[in-house]
Amino acid sequence: MDHPAAIRPEQHAVFRPDKMGKATLFESDRLLVGLNCFEPGQDHALHAHAGMDKVYQVIEGRGLFLLKGREIPMEAGVMLVAPEGVPHGIRNSGDERLVVLTVLAPSP
């Protein structure tokens, strides 16, 4: 994808029947912007990043942000910041597809 460009992230969503789908919208040495796409019942297990912060912005759907010892409801328009070292994940607990914009800095 050429940048700078105005896009609608949800139009780049990739879904898989077996696991979370991923799409990279932009990547440099400093930043990665992508989509995590979930069918109902799919999740991204609890994990943490060393030396990297992550931002999640829900584009469409509903589910749960998973944090160590906590579950936070998510829906379109809700954002969560997972600083370096904080265990985080996502579960699509709804009946519809879930699309979440992800921003990682620095890029993995």
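Computed from heavy atoms alone, side chains included, the values below leave out hydrogens, waters and symmetry copies. Keep in mind that what you see is a predicted model, and the values were worked out from it rather than measured.
- Distance check, rounded to the nearest 0.5 Å: CG of Asn92 to CG of Leu64 gives 9.0 Å.
- For the pair Leu31 and Val103, the minimum side-chain heavy-atom distance is below 4.5 Å.
- In this structure the side chain of Leu35 reaches within 4.5 angstrom of the side chain of Pro9, judged on heavy atoms.
- Considering SG of Cys37 and NE2 of His12, their distance stands at 11.0 Å, rounded to 0.5 Å.
- Here NZ of Lys22 is found 10.5 Å from CZ of Arg16. Values are rounded to the nearest 0.5 Å.
- Counting heavy atoms of neighbouring residues, nucleotides and ligands inside a 6.0 Å radius, atom CD of Glu27 exceeds 12 of them.
- With Asn36 contributing its side chain and Val100 its backbone, the two residues share no donor-acceptor pair below 3.5 Å.
- Atom CG in Leu25 sits 6.5 Å away from atom CG in Leu101 (nearest 0.5 Å).
- Below 30°, between 30° and 60°, or above 60°: for His44 and His47 the angle between ring planes is between 30° and 60°, a tilted geometry.
- Residues Arg62 and Met74 are not in side-chain contact: their nearest non-hydrogen atoms beyond the backbone lie 4.5 Å or more apart.
- Counting heavy atoms from C-beta outward, Leu67 and Leu80 have side chains that approach closer than 4.5 Å.
- Between atom CD1 of residue Ile72 and atom NE2 of residue His88 there is a gap of 12.5 Å, rounded to the nearest 0.5 Å.
- Nearest heavy atoms, Ser93 versus Gly63: OG-CA, 3.6 Å.
- Side-chain atoms of Ser107 come within 3.5 Å of backbone N or O of Ser28 as a donor-acceptor pair.
- Closest approach of Gln42 to Asp18, counting heavy atoms only: NE2-C, 3.9 Å.
- Using a 4.5 Å heavy-atom cutoff, the side chains of Leu98 and Val58 are in contact.
- Looking only at side-chain heavy atoms (C-beta outward), Glu96 and Glu60 stay at 4.5 Å or farther from each other.
- Using a 30° and 60° split on the angle between ring planes, Phe65 and Tyr56 fall in the tilted class, from 30° to 60°.
- Counting only distance, with no hydrogens or angles, the side chain of Thr24 and the backbone of Phe26 share no donor-acceptor pair below 3.5 Å.
- Following chains of ILVMFWY side-chain contacts shorter than 4.5 Å, one can reach Ile59 starting from Val33, so the two form part of one hydrophobic cluster.
- Pro106 and Asp29 get closest at one heavy-atom pair: CB-O, 4.0 Å.
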Exercise for the section: With salt bridge (charged side-chain N to carboxylate O under 4.0 Å, His left out) as the test, would you mind laying out the steps for Glu71 and Arg91 before giving the verdict? Expected result: CA-CA 9 Å; Glu71 294 182 348; Arg91 178 178 306 126; 3.0 Å; yes

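- To the nearest 0.5 Å, atoms CD1 (Ile90) and CG (Leu46) are separated by 11.5 Å.
- Considering only heavy atoms from C-beta on, Glu84 stays 4.5 Å or farther from Met52 through its side chain.
- Geometrically, Arg97 engages Phe15 in a cation-pi contact defined by less than 6.0 Å to the ring centre and at most 45° from the axis.
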